[in-house]
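One structure is given below, encoded as structure tokens.
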Number of protein chains: 4
Amino acid sequence: MPDRLAEIRYEVALASRMLANEGVLDAFGHVSVRHPEDPGRYLLPRSRSPQLIEPADVLEYTLDSEPVKSPKEKLFAERVIHGCIYEARPDVMAVCHHHAAAVLPFCIAGVPIVPVFHLGAAIGENIPFWDQHDEFGDTNLLVVKPEEGRSLARAIGSHPAVLMNHHGATVVGKDLPELVSRSIFMCDNAKYQLQAHMLGKVVPLSSGETKLAGTINALPNVVGRTWEYWSMRVEQAGMLPPGKSRGSARRPKAGKRKA
Amino acid sequence: MPDRLAEIRYEVALASRMLANEGVLDAFGHVSVRHPEDPGRYLLPRSRSPQLIEPADVLEYTLDSEPVKSPKEKLFAERVIHGCIYEARPDVMAVCHHHAAAVLPFCIAGVPIVPVFHLGAAIGENIPFWDQHDEFGDTNLLVVKPEEGRSLARAIGSHPAVLMNHHGATVVGKDLPELVSRSIFMCDNAKYQLQAHMLGKVVPLSSGETKLAGTINALPNVVGRTWEYWSMRVEQAGMLPPGKSRGSARRPKAGKRKA
Amino acid sequence: MPDRLAEIRYEVALASRMLANEGVLDAFGHVSVRHPEDPGRYLLPRSRSPQLIEPADVLEYTLDSEPVKSPKEKLFAERVIHGCIYEARPDVMAVCHHHAAAVLPFCIAGVPIVPVFHLGAAIGENIPFWDQHDEFGDTNLLVVKPEEGRSLARAIGSHPAVLMNHHGATVVGKDLPELVSRSIFMCDNAKYQLQAHMLGKVVPLSSGETKLAGTINALPNVVGRTWEYWSMRVEQAGMLPPGKSRGSARRPKAGKRKA
Amino acid sequence: MPDRLAEIRYEVALASRMLANEGVLDAFGHVSVRHPEDPGRYLLPRSRSPQLIEPADVLEYTLDSEPVKSPKEKLFAERVIHGCIYEARPDVMAVCHHHAAAVLPFCIAGVPIVPVFHLGAAIGENIPFWDQHDEFGDTNLLVVKPEEGRSLARAIGSHPAVLMNHHGATVVGKDLPELVSRSIFMCDNAKYQLQAHMLGKVVPLSSGETKLAGTINALPNVVGRTWEYWSMRVEQAGMLPPGKSRGSARRPKAGKRKA
């Protein structure tokens, strides 16, 4: 088990750096995974920019987003996003919260993101739009209180992602590879949708196409290829996390829940 | 002959990396060439991201897209695109399938790409638009079945390229250099067309200009210059394929068909 | 004190390079800080592109923008921007003038930039728009004369930034970290606002949200993270200033005024 | 004199690489200077992508665009652009022809580029628009025949630049530094103009402002700064030309005509 946890810490660091390298994360945003043995815990880095996360930065939390060991480091203010979604969604094994440039225009204009190309189908037929103001009035827009986290978790429902008014998005996955590819394809989808809109018309996939194409990113053929590609690009940028375990740039094992 | 095949494998790897480096390919997309001696075969890499293709990854296929030697590696699911086009188009010696960011907005809005600048004339006067849904209803949008490949080949007809609804594009060439430059200029053309549309008006080349300018990319002056330039940029990115044969960064010999 | 001044010179060089590296500055633009001991002086580099500024380039000026020691180097023509704002705004400890690509479309169209996402709230509820032509008629648009600098300082009033017609923007801060993050978030905000406009609707933050979210960038949690991130990116680009003092990539101490 | 010619060859190579590095040139486009001693000759590289030009590639031509020594290398097909403009414009000492992504949308939509920010004033109050089709009907759009070159030279008249329908732009300068900065600022201007158009309104500089701001790029303060900056960026990209003469990254001496 300790080895598996060390591997997972490395994978969280690598996934954070992949998403930063592909423009989903910047100085902000965070990636977590549910604990592989204990569904009542999750692993999330201390407060640090994703491109700098090291395996040792990855801490363990309970689902009420309290750190298991009281750490000296600063923690992410918005960790309730993770805890509340793991609480509400037993199927979710990985969570990413971000402010990607590609999705913010939609969060500002209040325009829904819809699947417009085969890989974009990973976001499902429609993504809910959560407005913190509806329930909480004027805030600083950060999701910090447990009731804010629970409200967001209710909004995401059984969807793969949620848009957050004036703020960004939160994406979930059944494991890290699905989370990473879904987050990247959702940003690609948003860019293409904006430009198709400028060309005059946005034609979404049909409901049937969305269902069928929505699983492409989980084909073994595809997961292996994308994980190798995004890893290589992090490596090419000289930004692999320290302490690379053997074979760790390969696709992580699916984070199967025991229970 | 073995030497010529080794050279071609290197050229396919280099062309894949050029197109990735210029933003035509990303984690996805693939480049093939027809076998230089046997028009009933073609060479296509195993399933891998284009920027990572090595000469040894390039496998031989029959035109029904079966590998000549049964390989251990995973294969591209969409290889029928290549086989069916080589079958239908004896003049075609190289094929590229991609999901470039520049063309996707057109594939989504259903707007045709038309030649709008001299180098863009390489795409011909109009590019057909193929909608898999017309013939096959709801699919996952991948072109996997032989009948899907044949339908796409019918759609491209005698054109240099075809747009694929909600999916991407497929481009053909009489050799690798033509394929590479046509794929890149088609993306440039799409970007400029979108922005001209935003300025208020897209004026395409006249039919006569398209015919005359359509051969610029094959001028020896131009082929030599572009191949050297895109090679240098791959090298500058530290991404040349391993096993560079002497002079291989130079323009490949035209892949002349024997028959 | 000499040590503190050396540190500040390094911080001005580093902040200049951060802002160049993040696309706020290019060949042009400049960053200054008020003298930490003497509120009647400020520190500004000699005329040089921001990405090249070294600690030794940072010179001392009086508030009428005369250099304290007559230097041999060329000086920025527009240094009155800094002097006049420090004169008018005792609360301001750092000033940046720039021509960022993100803000220029707004300076040209005469469209106000409004806060559209939580971090964008750092610019306040509305940014004044200064048209040099109103008071001075046809000029070369540079702010060179003391009366031009004073006019700009009147326009910024108590705001965190001002747009300058056909020219760029000037941003102020209570210390260097606030100045840097505000300048970057203002550019992000402008990019997102333009794209939301293209999607059909720009919904700004409410007045209450702007007030509450406007202080996020000053949270210790956030300042530490962004300063580390932007420093790392300068380092990754091989562009750290020479003569790095120990720990200087860490967040600078708040430049507290003594008086 | 031989030393001066060697220096000029280096400067042409460096200027070509600067313009490629800043996105004005790509696989195509070329930069020339008039011969410093003989106004009846000019210096232009052999046919090669600008980012690869070496001092030894720079050849001497007469104004009818014949090479002085018959070279073995391939020559640019469009060199008459240079010869015909030097013939018609004794004040012009440097010429750049390019297909920059920033100007092509304007060449396609037929929309004039107008000065919209202080540095953009370097292009003058309005840039003529040349349509090769008007005089020559359907062509491949390349400017290859002497009569095509002369027609283009008539179109540019006494202006600093000309847009070419469906093709690109040609820019002139009184020396290399003016040519380089004007070419770059013209592209910036085009980008900002397109985005201001998308925001709703393009307000150009007044005629008086254009005249006054049009000389900013020639201020010693500014020329020194921009030349150092763009050189540094070429160096940072590892792309300085071979055979750097001492001090050659510094600003070249103005190419004063003797006659």
Side-chain angles (χ1 to χ4, degrees), chain C residues 17 20-21 25-30 45-53 73-79 99-113 131-133 136-144 164-168 190-191 193-199 202 237-239, chain D residues 18 22-23 102 114-122 177 180-181 184-185 187-233 235-238 249:
Chain C
R17 288 162 183 249
N21 200 45
L25 304 173
D26 45 27
F28 299 95
H30 16 88
R46 66 172 175 104
S47 173
R48 201 175 192 193
S49 288
Q51 215 168 348
L52 289 153
I53 301 297
E73 298 92 348
K74 291 198 177 63
L75 307 180
F76 284 124
E78 298 193 301
R79 57 195 187 275
H99 317 150
V103 306
L104 266 158
F106 292 84
C107 302
I108 291 161
V111 169
I113 297 179
D131 188 351
Q132 191 162 352
H133 201 274
F136 302 99
D138 284 346
T139 62
N140 68 359
L141 291 162
L142 298 180
V143 180
V144 175
M164 302 157 78
N165 199 10
H166 293 128
H167 181 165
K191 281 177 227 162
Q193 182 177 340
L194 171 60
Q195 290 182 43
H197 174 80
M198 283 153 56
L199 279 175
V202 172
M239 293 302 288
Chain D
M18 278 179 183
E22 301 300 327
V114 293
V116 291
F117 80 120
H118 63 313
L119 297 167
V180 168
S181 61
I184 291 172
F185 298 153
C187 287
D188 289 344
N189 192 91
K191 280 176 228 162
Y192 305 155
Q193 182 177 338
L194 171 61
Q195 291 181 44
H197 174 79
M198 283 152 56
L199 279 174
K201 198 167 56 166
V202 172
V203 187
L205 300 193
S206 76
S207 177
E209 286 171 330
T210 305
K211 225 163 262 146
L212 292 164
T215 57
I216 291 177
N217 67 350
L219 297 173
N221 205 354
V222 170
V223 182
R225 204 187 324 168
T226 51
W227 195 266
E228 183 192 29
Y229 175 68
W230 293 318
S231 296
M232 173 275 290
R233 280 166 60 88
E235 190 172 7
Q236 203 186 357

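Below, chains carry the letters A, B, ... as their sequence lines are ordered, and counting in each starts from 1.
In this structure the side chain of C:D138 reaches within 4.5 angstrom of the side chain of D:L212, judged on heavy atoms. With contacts defined as side-chain heavy-atom distances shorter than 4.5 Å, the pair C:S49/D:M232 does not qualify.
Among D:W230, D:F117, D:Y229, the residue making the largest number of heavy-atom pairs under 4.5 Å with chain C is D:Y229. Each of D:A121, D:P115, D:P204, D:S207 has some count of heavy-atom pairs under 4.5 Å with chain C, and the biggest count is that of D:P204.
Contacts of C:L75 with chain D are made by backbone atoms alone, with heavy-atom separations under 4.5 Å and no side-chain atom involved. Heavy atoms of D:M198 lying under 4.5 Å from chain C belong to its backbone as well as its side chain. Residue C:D26 touches chain D through both its backbone and its side chain, counting heavy-atom pairs closer than 4.5 Å. Neither the backbone nor the side chain of C:A20 comes within contact range of chain D, judged by heavy atoms closer than 4.5 Å. Contacts of D:I216 with chain C are made by side-chain atoms alone, with heavy-atom separations under 4.5 Å and no backbone atom involved.
Interatomic distance, CG of C:N140 versus CG of D:L119, reported as 10.0 Å (0.5 Å rounding). D:Q195 CD to C:L104 CG: the interatomic distance, rounded to the nearest 0.5 Å, is 9.5 Å. Once rounded to the nearest 0.5 Å, the distance linking CG of C:L52 with CZ of D:R225 reads 11.0 Å. Summarising the geometry, atom CG belonging to D:N221 is positioned 8.0 Å from atom CZ belonging to C:F76; distances are rounded to the nearest 0.5 Å.
Across all non-hydrogen atoms, the minimal contact from C:H166 to D:V203 is NE2-O, 2.6 Å. Here the shortest heavy-atom pairing between C:A109 and D:L199 reads CB-CB, 3.9 Å. In this structure, D:Q236 and C:A237 approach most closely via the heavy-atom pair NE2-O, 3.2 Å.
Ring geometry, D:H118 versus C:H167: the interplanar angle falls from 30° to 60°, so the pair is classed tilted.
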